[in-house]
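The structure appears right after this line, and notes come after that.
Keep in mind that the numbers below use all heavy atoms, side chains included, and drop hydrogens, waters and symmetry copies.
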Amino acid sequence: MAKRAALVTGGSGGIGLAIARRLAESGYAVTISGRREEKLLKAAESLADDDLKVEAVVADVTSEEAVVELVAEHKRQWGRLDCLVNNAGIGIGQPVEGIRAKHFDLQVAVNLRALVVATREALPLLKTAGAEHGKALIVNLASIAGVQSPPWLSIYGATKAAVIGFSKSTQKEVGEAGIAVTAIAPGFVATEMTEFVQGEIPPEKMMRPEDIAEAVSFLLAVSPNCAIPELVMARPGSGPDSGGM
């Protein structure tokens, strides 16, 4: 059994991989999941090449059964869970009159339902860790879109607002069990997901994935007496032209 272990969904690149690397460098045995096998295995190899403990599990988080099996596989591999990072997400921009049901369903499935199922399945392990050392952690990746409600991202923003609300409710339920829950709501981060806007906002003006990883390190470092239900991370130059993102 590992001394500390973490599970990061959407860990094959961008924010998820940066968080996984930071956790592994801090001594955590890490499970990363992703939908695309080739990309996921490449990410796992990049961690393993640095002698970091990592397991890769291919999982389509739109499937409840896949999420249930992901948590079960993490338990089989590492025997414990101290930090759950619900990072998998998808954003589809479109005007309200152009919203398509399949895009609505996909964003709800990935951004919200998968996160809820993973949290449900992971709670027994997290409660055990919380009873042991009083500092188990759930990090839910929301978005500043869930706070600022930008145009053309109505469904994405709505799912991320729901993530923030779910995180706050969960914190109130499990705080006494030694589990901290935080929704991180960043603005634009230089990843594949923000390529659509990089013609208007260059990557060098965006946050880095490592900034979000640093925030997770901060959340792990504060005492169990410090609850941070929501952490908004905005770019200094963000404004109305970017929907506050």
Verdict with reasoning, L220 to Y28, per side chain to side chain contact (heavy atoms under 4.5 Å, CB included): CA-CA 12 Å; L220 287 167; Y28 284 72; 3.6 Å; yes
Please check if [X] and [Y] belong to a single hydrophobic cluster, counting links between Ile, Leu, Val, Met, Phe, Trp and Tyr side chain heavy atoms closer than 4.5 Å.
{"X": "V116", "Y": "I179", "result": "no"}
{"X": "I19", "Y": "M233", "result": "yes"}
{"X": "V108", "Y": "V96", "result": "yes"}
{"X": "V30", "Y": "L17", "result": "yes"}
{"X": "V139", "Y": "L123", "result": "no"}

Distance-only donor-acceptor pairs under 3.5 Å for side chains of residues 202-215, two or more places apart:
unit_1 : atom_1 : unit_2 : atom_2 : d
R208   : NH2    : D211   : OD1    : 3.1
D211   : OD2    : R208   : N      : 2.9
E214   : OE1    : R22    : NH1    : 2.7
E214   : OE1    : R22    : NH2    : 3.4

Side-chain ion pair, K75 and E121, N-O less than 4.0 Å: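 Looking at E121 together with K75, the answer is no, because their closest N to O distance does not fall below 4.0 Å.
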Minimum heavy-atom distance between [X] and [Y], given as atom pair plus value:
{"X": "I164", "Y": "A142", "value": "CG1-CB, 3.7 Å"}
{"X": "V147", "Y": "A185", "value": "CG2-CB, 4.3 Å"}
{"X": "A183", "Y": "S167", "value": "CB-OG, 3.5 Å"}
{"X": "A161", "Y": "G146", "value": "CB-O, 3.5 Å"}

Side chains of I184 and V216 in contact at under 4.5 Å (non-hydrogen atoms):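 Yes, side chains in contact.
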I228 side chain reached by F218 side chain, heavy atoms, under 4.5 Å: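 Side-chain contact under 4.5 Å: yes.
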Between H103 and Q94: side-chain donor-acceptor atoms closer than 3.5 Å: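 Distance-only check passes for H103 and Q94.
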For residues 78-87, which side-chain donor-acceptor pairs fall under 3.5 Å, sequence neighbours excluded?
unit_1 : atom_1 : unit_2 : atom_2 : d
W78    : NE1    : T31    : OG1    : 3.0
R80    : NE     : K3     : O      : 3.4
R80    : NE     : D82    : OD1    : 2.8
R80    : NE     : D82    : OD2    : 3.4
R80    : NH1    : E132   : OE1    : 3.1
R80    : NH2    : D82    : OD2    : 2.8
R80    : NH2    : E132   : OE1    : 3.0
R80    : NH2    : E132   : OE2    : 3.4
D82    : OD1    : A5     : N      : 2.9
D82    : OD2    : H133   : NE2    : 2.7
N86    : ND2    : T119   : OG1    : 3.3
N86    : ND2    : N140   : OD1    : 2.9
N87    : ND2    : T9     : O      : 3.3
N87    : ND2    : G10    : O      : 2.8

Side chain to side chain contact (heavy atoms under 4.5 Å, CB included) assessment of V57 paired with Q77: CA-CA 11 Å; V57 179; Q77 177 67 27; over 6 Å; no
Can you tell me how far the [atom1] atom of [X] sits from the [atom2] atom of [Y], to the nearest 0.5 Å?
{"X": "S149", "Y": "Y156", "atom1": "OG", "atom2": "OH", "value": "12.5 Å"}
{"X": "L23", "Y": "S217", "atom1": "CG", "atom2": "OG", "value": "7.0 Å"}
{"X": "L137", "Y": "L126", "atom1": "CG", "atom2": "CG", "value": "8.5 Å"}
{"X": "Q148", "Y": "S143", "atom1": "CD", "atom2": "OG", "value": "9.5 Å"}
{"X": "K160", "Y": "L153", "atom1": "NZ", "atom2": "CG", "value": "11.5 Å"}
{"X": "Q171", "Y": "I138", "atom1": "CD", "atom2": "CD1", "value": "8.5 Å"}

Check against side chain to side chain contact (heavy atoms under 4.5 Å, CB included), S33 and V58: CA-CA 6 Å; S33 75; V58 178; over 6 Å; no
Pair V222-K135, side chain to side chain contact (heavy atoms under 4.5 Å, CB included): steps then yes or no: CA-CA 9 Å; V222 297; K135 187 59 184 182; 3.6 Å; yes
Between [X] (side chain only) and [Y] (backbone N and O only), is there a donor and an acceptor less than 3.5 Å apart?
{"X": "T194", "Y": "V189", "result": "yes"}
{"X": "Q107", "Y": "I92", "result": "yes"}
{"X": "S169", "Y": "F166", "result": "no"}

Any residue meeting side chain to side chain donor-acceptor pair (under 3.5 Å) with E230, in chain and number order, not counting sequence neighbours: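 K168.
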Side chain to side chain donor-acceptor pair (under 3.5 Å) partners of E25, counting only residues at least two apart: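 For E25, no residue satisfies side chain to side chain donor-acceptor pair (under 3.5 Å) once neighbours in sequence are set aside.
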With P186, the side chain to side chain contact (heavy atoms under 4.5 Å, CB included) member among V232, L141, I144, L231: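 Only match with P186 under side chain to side chain contact (heavy atoms under 4.5 Å, CB included): L141.
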Apart from L41 itself, residues in the same hydrophobic cluster as defined by side-chain heavy atoms under 4.5 Å: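 Joined to L41, directly or through intermediates: none.
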List the atom pairs, with distances to 0.1 Å, where a side-chain N or O of residues 60-71 and a protein N or O form a donor-acceptor pair under 3.5 Å, not counting sequence neighbours.
unit_1 : atom_1 : unit_2 : atom_2 : d
D60    : OD1    : T62    : N      : 3.1
D60    : OD1    : T62    : OG1    : 2.7
D60    : OD2    : T62    : OG1    : 3.2
S63    : OG     : E65    : N      : 3.4
S63    : OG     : E65    : OE1    : 3.2
S63    : OG     : A66    : N      : 3.1
E64    : OE2    : R120   : NH1    : 3.4
E64    : OE2    : R120   : NH2    : 3.0
E69    : OE2    : R76    : NH2    : 2.3

